[in-house]
2 protein chains.
Amino acid sequence: MPKVLPATPFEGANENLAATTAPQDVSREDAATFDVLRKMREDILCCVLKPDQKLKFGELRQRYDTSVGTLREALSHLVSEGLARTEAGRGFQVSPISLADFLDLSELRVYLETKTLADAIRHGTDAWEAEIVSSHFLLSKLAAPRPDDPLSVKQEWGKRHKRYHDALVATCRSPWSLHYRSELFDQARRYHWLTMIHSRLHRRNEHLEIRDAVLARDSDLACSLLAQHIRTTVEQAVADVPGLIRGNARVLKPGKRRKS
Amino acid sequence: MPKVLPATPFEGANENLAATTAPQDVSREDAATFDVLRKMREDILCCVLKPDQKLKFGELRQRYDTSVGTLREALSHLVSEGLARTEAGRGFQVSPISLADFLDLSELRVYLETKTLADAIRHGTDAWEAEIVSSHFLLSKLAAPRPDDPLSVKQEWGKRHKRYHDALVATCRSPWSLHYRSELFDQARRYHWLTMIHSRLHRRNEHLEIRDAVLARDSDLACSLLAQHIRTTVEQAVADVPGLIRGNARVLKPGKRRKS
DNA sequence: AGTTTCGAAAGTTTCGAAAATCCAATTTAC
DNA sequence: GTAAATTGGATTTTCGAAACTTTCGAAACT
């Protein structure tokens, strides 16, 4: 008997996760430190903090209204997620982006996402299907954002997009696979953001096709569509993001400075 | 023309890694903070800090002779590597271990290691072959440690074992794959340690077989041997580590307390 | 002109004390 | 006698000042 529709991602899916060792995701509802971490992560993913940008404690301290120690902890976290880098005594900076990295990232995503999806389909439940339908519905209500849409619209779309893709794989039984899949998904979001900013290309409704293949439990089709979905995104970025190939992609909207 | 034999892992292999975004591994030669991190990581992998053990700041501060802030940063790092966990306001603890986790971990390792190895073979160079031969030689000079060998022997073997496995995949072109492979390898080391402590089983010389298949560039054979190698380790642990199945594996040598 | 040396300024890292929080044992209320 | 509230001690979290390192530019020296 199907459960009542759960709140966010999907209740049943994480039962086994609690029992294992796989790294903690964004889950802990820590107080201040985690709050700063989450904000900074989002700022990097949305290129408010731009690739290669130096992350100075002074500025960050103002921006996030917190102390050096707290900042340091958050930054340290970002480093192990791959969103920032650090060197001996010369502070932190946002990780660079490059076409090579995006290609590598995406191929590993294909490799992991398909494995994860296949397993999820194998162990799918009613509640899982329900969350897929629901999250796809929410996503489809928002048209893919255009370059000149306001930030908030893009962010909302990003949220729903993530929720949908999370829903697809929620019943996968391997916590480790889910964890790495999630990290890679976030990494890709940085590049998606660049694409959103630059591309006016209209893509056919891949999310719908994937949804239907998944609900039909057609694992092969679903995986192949998903793989295509990921690879198309790369092609779109290569075509439309100026400078990505030469390695000096520009990020629009330099971001508001707080002072002078 | 083959390069001169480089020092440790292998020079040519990491050239592309520098150019990408993949998380920084154990690479930065940071001062104090990183030193503590490395020591703590090794202590967890060798079960000196036992699974589920509460990590209190007071004790750790003595053990590693450092301040709270530094400790906190290191711990935070360990959390994102999956070696520790933390919850809201109740501190840190060593990640638990379980058979389910080991199984999950190992299957993902098979999936990633084989992909990584295949790519490494595809792009192998003379220097790569040389480092494989060399690291295998060093490994083979040490017999697999027995339960009552001293700690230092076990640790040295662990080091050489890791160096050999790193060498195998060093020419893989995907920094992200290499990074996750490496993290998973470390995770598995915790379970290997338990096995070393308990098992007297003598395994046939799998490392040699893998080496020869790799040097012969027989990708299929090499991958299948490597997969077997990983899975055998799981079976050995299931057979010989008491309590792993029931989830209360004991770690020998309770570890010296500093006080009372 | 180009290189080196030096010192001040900017920035990072480390530290431990103060504030906040949690836990368990004891008391209080029912 | 049990359950809720209290309280004190232990532990964690946060913070900013002190110590240290790097950076940068001006002055001195090839």
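The chains referred to below are lettered A, B, ... by the order of the sequence lines, with proteins before strands, and numbering in each begins at 1.
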Under 4.0 Å between a side-chain N or O of A/T70 and OP1 or OP2 of D/dC15?
yes

Quickly work out the B/L37 CG to C/dT13 C1' distance and round it to whole Å.
15 Å

Now, which nucleotide makes the Watson-Crick or G-U wobble pair with D/dT30, with each of the two distances under 3.5 Å?
C/dA1

Across every strand shown, the nucleotide meeting Watson-Crick or G-U wobble geometry with D/dA18 (both distances under 3.5 Å) is C/dT13

Check whether A/Y64 forms a cation-pi arrangement with A/R61 (NZ or CZ under 6.0 Å from the six-membered ring centre, at most 45° off the ring normal).
no

Which comes earlier along DNA chain C counting from the 5' end, the contact point of A/G91 or that of A/G69, where each point is its nearest nucleotide?
A/G91

Crowded around A/K159 NZ? As in, over 12 foreign heavy atoms under 6.0 Å?
no

Quick one: is D/dT12 close enough that its OP1 or OP2 comes under 4.0 Å of any side-chain N or O from B/R90?
no

Salt-bridge criterion met for A/D186 and A/R189 (N-O under 4.0 Å)
yes

Nearest-Å distance for atom pair CG/P, residues B/D65 and C/dT14
13 Å

Quick one: A/R85 CZ to C/dT12 C1', roughly how many Å, whole number?
19 Å

Would you indicate, yes or no, if D/dT13 has its OP1 or OP2 atom less than 4.0 angstrom from a side-chain nitrogen or oxygen of A/T33?
no

A/L71 CG to C/dT13 P, straight-line distance once rounded to whole Å:
12 Å

Report the distance from atom NZ of B/K56 to atom P of D/dA10, rounded to the nearest whole Å.
11 Å

Taking only the side-chain nitrogens and oxygens of A/R72, find out if one of them lies under 4.0 Å from OP1 or OP2 of C/dT13.
yes

Taking the six-membered ring of A/Y164 as reference, does the cationic atom of A/R160 (NZ for Lys, CZ for Arg) lie under 6.0 Å from its centre and within 45° of its axis?
no

